[in-house]
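Note that the coordinates shown come from a computational prediction; the quantities given were computed from them, not determined experimentally. Throughout, a chain's letter reflects where its sequence line sits, starting with A, and its residues are numbered from 1.
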Amino acid sequence: NLSEKLQRVFKNLRGEGKLTAENMEVALREIRVALLEADVHFRVVKQLIESVKQKAMGVEVLTALSPSQQVIKIVREEMVKILGTHQSKLRMANEPPTIVLVVGLQGSGKTTSTGKLARWLSKNDHSPLMVSVDIYRPAARQQLSVIGRDIRLPVYEGAAEETTPVELARAARREAMQTGRDVVLVDTAGRLHIDDQLMEELRLLKEALGPTEILFVADAMTGQDAVKSADEFHKQLGITGVILTKMDGDARGGGALSIRFVTGQPLKFVGIGEKFDALEPFHPDRVVSRILG
Amino acid sequence: LQGRKEIDADLLDELEYALITADVGVRTATEILETIRQRVDRKLVADAAEVKSLIRQHLLEVLQATERPPAEVGEPPEVVLVVGVNGSGKTTTIGKLASRYRAGNRSVLLCAADTFRAAAIEQLEIWGQRTGVEVIRQQPGSDPSAVLFDALQAAKARRIDYVIVDTAGRLHTKSNLMAELEKMRRTAGRVIPGSPHEVLLVLDATTGQNGLEQARKFTESSGVTGIVLAKLDGTAKGGIVVAIARELNLPIRYIGVGEKVDDLLPFDAEKFIESLFA
Ligand SMILES: Nc1nc2c(ncn2[C@@H]2O[C@H](COP(=O)(O)OP(=O)(O)OP(=O)(O)O)[C@@H](O)[C@H]2O)c(=O)[nH]1
Ligand SMILES: Nc1nc2c(ncn2[C@@H]2O[C@H](COP(=O)(O)OP(=O)(O)OP(=O)(O)O)[C@@H](O)[C@H]2O)c(=O)[nH]1
Ligand SMILES: [Mg+2]
Ligand SMILES: [Mg+2]
C-alpha cells in the first residue's frame, strides 16, 4: 500500500535533513500512481501533487513522524482541503414544501437514494412525499411505489392525465401542500449529460419547481468520466450537493474528489448498501483514507 | 493528437493523458508507453503517426487475443446467465438480447431470477412484452435458484432455443451474494448438463479501475465467459476492458449504446480503439 511504498522511498532519509526535490520526486510518483489507481481524475491528481510538493518543500523532517508519515499527512491534508467538511443536511425552503431533485446518470442509485433520503428525513422530524417522474424506464414508477410501501412513506402516484415530469412534480407539490408534507423528493430518470433533450427536461423541471436542493447521485466506482458528467450537470443545472453510492463495495472512490473539485459542491451523503437505512452522512477523513487505500 | 509530427515529451504526455482518462489504468498505460519509449530510443520509430499506430496495434492485439466464438451448444436450450454489479445494465441488456435472438428466428424464454430488488420482476416482464418473449417468474423474495430451476425445466420441456437469466445486481465484495451465484450455476448444470453455456458480465462503461476486480471476482464465482460493455453511448471510454482482456482473457461480446431495444451491437475492436483516442 501507499504508506509502505513511501517508507521504502524514504528509508535512506531517516531523521536527517529536509524533504528535498529529489527524494520528493520519487515519493510524488508513488502518490500519483496511487491516486490514479483510485480513480481520481488525471487533472485533479496533477493539481494535488503540485500543492503537496509546494507544502512539502523545505519541511524539516520532524523526529515525531517518519518522513513517509509526514508526506502522507500532507497528502491527506490537501485532500481534506478539497473535500471540505460540509455538514450533511438538506437546505429547506422558506415556505414548505421544500423540493429536492434527485438527478444523475443511468443506474447510479437515484431511486434507491430517494427512498433512503425519505427515511432519513422522516427520522429527522420531517414529513417527506416522494414522486417519480421517470416516465421512460420500464416499471420505474412502480419501483418507487414498492419502496414507499417498504419504508411506509407516501409516494405520489399521479392521476391518469398527469403524464409529463413537470405535471407529475407539480401535482406532487400540490398534494404535499394539501396533506401537510414538508419535503417533496423528486426521483428523475437516469440520463446522459450529453443528451440535450433530457438535460432540457431537467432545466424545465427546475424552473417549474424551484428546488432548494439538486442532488447529483454518483456511483463510487465511476472512473475518469466522473469529472465530465458532474461538470456538465453542474454547468447546465447547478447541482447543490452529491450523494456517492455503492460505497459498501471496494471501489476506492476517487471520483468523489474529482466531482467535488470540478463542481465545488458538497458531498452530502454516502450510500452503503441496498437497504433504506444504508445512508451515512459524509465523513471527509473516511473518504480520504479509502481513496489512499 | 492530430497535428503533432515529431516524437517529443509532449506527444508522450498527450498519449498518456488519452490512455489514462479512457480508464485504461496507469499501470497499463505506463507499460505501453515504456515500450514505445524504448523503440523511440533505438530509433525504431520515425514519427508521431507511427507512435500512434504502434499503440493502436498493441491495444488491438490485446483485445483480439481474447476473441473466440462462443461454445458450441449441442442441443437446446442454450442457457445465458447475466451477472454484474448493481445498476450496470443487466436487465436492459437482456431485453436487447431477447430481441436479437428472436430476430434470428429462435425461441426465447426469460427467467426473472432477481427476486430481491423492488419491481425487478415487473421491469423484466415489460421487456418480455416488448419483445414477445415469455418470462418465467415467481413471487418477489423467492429463491432465485428455484425460479431458475422452473425456467430450465420449462425450456427443456418446450425445446426452447435460448434461456436468458436475469440476476440481481450484487457487489463482488459480498461473499454470500457471490455464493448465491455459484449455487445458481450448480443448479443450472444439474437441470441442463453443461449449462450455463454463457455467463455474461455486464460492465458499466463509466466504471474505473474497480472493473478489473469485479471481473476477477465474478469470474471466480460464476465462471464469466464474456463481457457486455454497457452505456458506451456516454462519454466514458470503457478502457478498463483492456486490463481485463490482458489478465483474464475475457472476450467482449457486445456493447450497449442506448436504452432502446436495438441499442446493442457486436463488439468491434478497431472501432473501440479508435474511440479511445477520439
Ligand atoms: N450495494 C449498493 N447498491 C446500491 C446502492 N444504491 C443503489 N444500489 C443498487 O443499485 C442499483 C441501481 O439503483 P437504482 O436506484 O435503481 O438506480 P437509478 O439511478 O434510479 O437507476 P435509473 O433510474 O435507471 O437511472 C439497484 O440494484 C440498487 O439496489 C448502495 O449504496 N449500495
Ligand atoms: N445510455 C444507456 N443506458 C443504459 C444502457 N444499458 C442500460 N442502461 C440504463 O441503465 C439503467 C440501469 O439498467 P438496468 O438494466 O436496470 O441495470 P441492472 O444491472 O439490471 O440493475 P440492477 O438489477 O438494479 O442491478 C437503466 O436506466 C437503463 O435504461 C446503455 O447501453 N446505454
Ligand atoms: Mg431510477
Ligand atoms: Mg436488473
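With chain A as the partner, the residue from B:Thr206, B:Thr235, B:Val26, B:Thr207 showing the most heavy-atom pairs under 4.5 Å is B:Thr235. For the set A:Thr222, A:Val227, A:Asp39, A:Val33, the count of heavy-atom pairs under 4.5 angstrom toward chain B peaks at A:Asp39. Across A:Pro138, A:Gly109, A:Ala139, the residue that shares the most heavy-atom pairs under 4.5 angstrom with chain B is A:Pro138. Interface remark: of the candidates A:Glu232, A:Arg43, A:Lys228, A:Arg43 forms the most heavy-atom pairs closer than 4.5 Å to chain B. Heavy-atom pairs under 4.5 Å with chain A were tallied for B:Ile20, B:Leu171, B:Ile126; the largest tally goes to B:Ile20.
With a 4.5 angstrom heavy-atom cutoff, A:Lys246 touches chain B via backbone and side-chain atoms both. For A:Asp195, no part lies near chain B; criterion is any non-hydrogen pair under 4.5 Å. With a 4.5 Å cut-off on non-hydrogen atoms, B:Glu125 does not touch chain A at all. Neither the backbone nor the side chain of A:Arg149 comes within less than 4.5 Å of any heavy atom in chain B. Proximity to chain B (any heavy atom under 4.5 Å) is restricted, for A:Glu274, to the side chain, taken from C-beta onward. For a residue to count as touching a neighbouring chain, one of its non-hydrogen atoms must lie under 4.5 Å from one of that chain's; by this rule B:Gln123 touches chain A with backbone and side chain alike. Residue A:Arg252: no heavy atom, backbone or side chain, is found under 4.5 Å from chain B.
Between A:Leu36 and B:Gln209 there is no side-chain heavy-atom pair separated by less than 4.5 Å. In this structure, A:His41 and B:Thr21 have side chains that are in contact, with non-hydrogen atoms separated by less than 4.5 Å. A 4.5 Å side-chain heavy-atom check between A:Gln143 and B:Arg117 finds at least one atom pair inside the cut-off.
In this structure, NZ on B:Lys174 lies 3.5 Å from CG on A:Asp248, to the nearest 0.5 angstrom. The distance from atom CD of B:Glu259 to atom CZ of A:Arg191, rounded to the nearest 0.5 Å, is 9.5 Å.
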message = For a side-chain contact (heavy atoms from CB on, under 4.5 Å) check, start with the C-alpha distance between A:Asp250 and B:His172, then their side-chain angles and the critical distance, and finish with the verdict.
response = CA-CA 9 Å; A:Asp250 58 2; B:His172 51 287; 2.7 Å; yes
### Task
Applying side-chain contact (heavy atoms from CB on, under 4.5 Å), run through A:Gln106 and B:Asp204 and close with a yes or a no.
CA-CA 10 Å; A:Gln106 290 90 346; B:Asp204 186 326; over 6 Å; no
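Applying the 6.0 Å contact sphere to CD of B:Glu182 captures more than 12 heavy atoms from other residues, nucleotides or ligands. Around the CD atom of A:Gln197, the shell of radius 6.0 Å holds no more than 12 heavy atoms that belong to other residues, nucleotides or ligands.
Considering every non-hydrogen atom in both A:Ile147 and B:Ala118, the closest pair reads CG1-CB, 4.0 Å.
Ion pair A:Glu37/B:Arg27 flagged as a salt bridge, since at least one NZ, NE, NH1 or NH2 atom sits closer than 4.0 Å to an Asp/Glu carboxylate oxygen.
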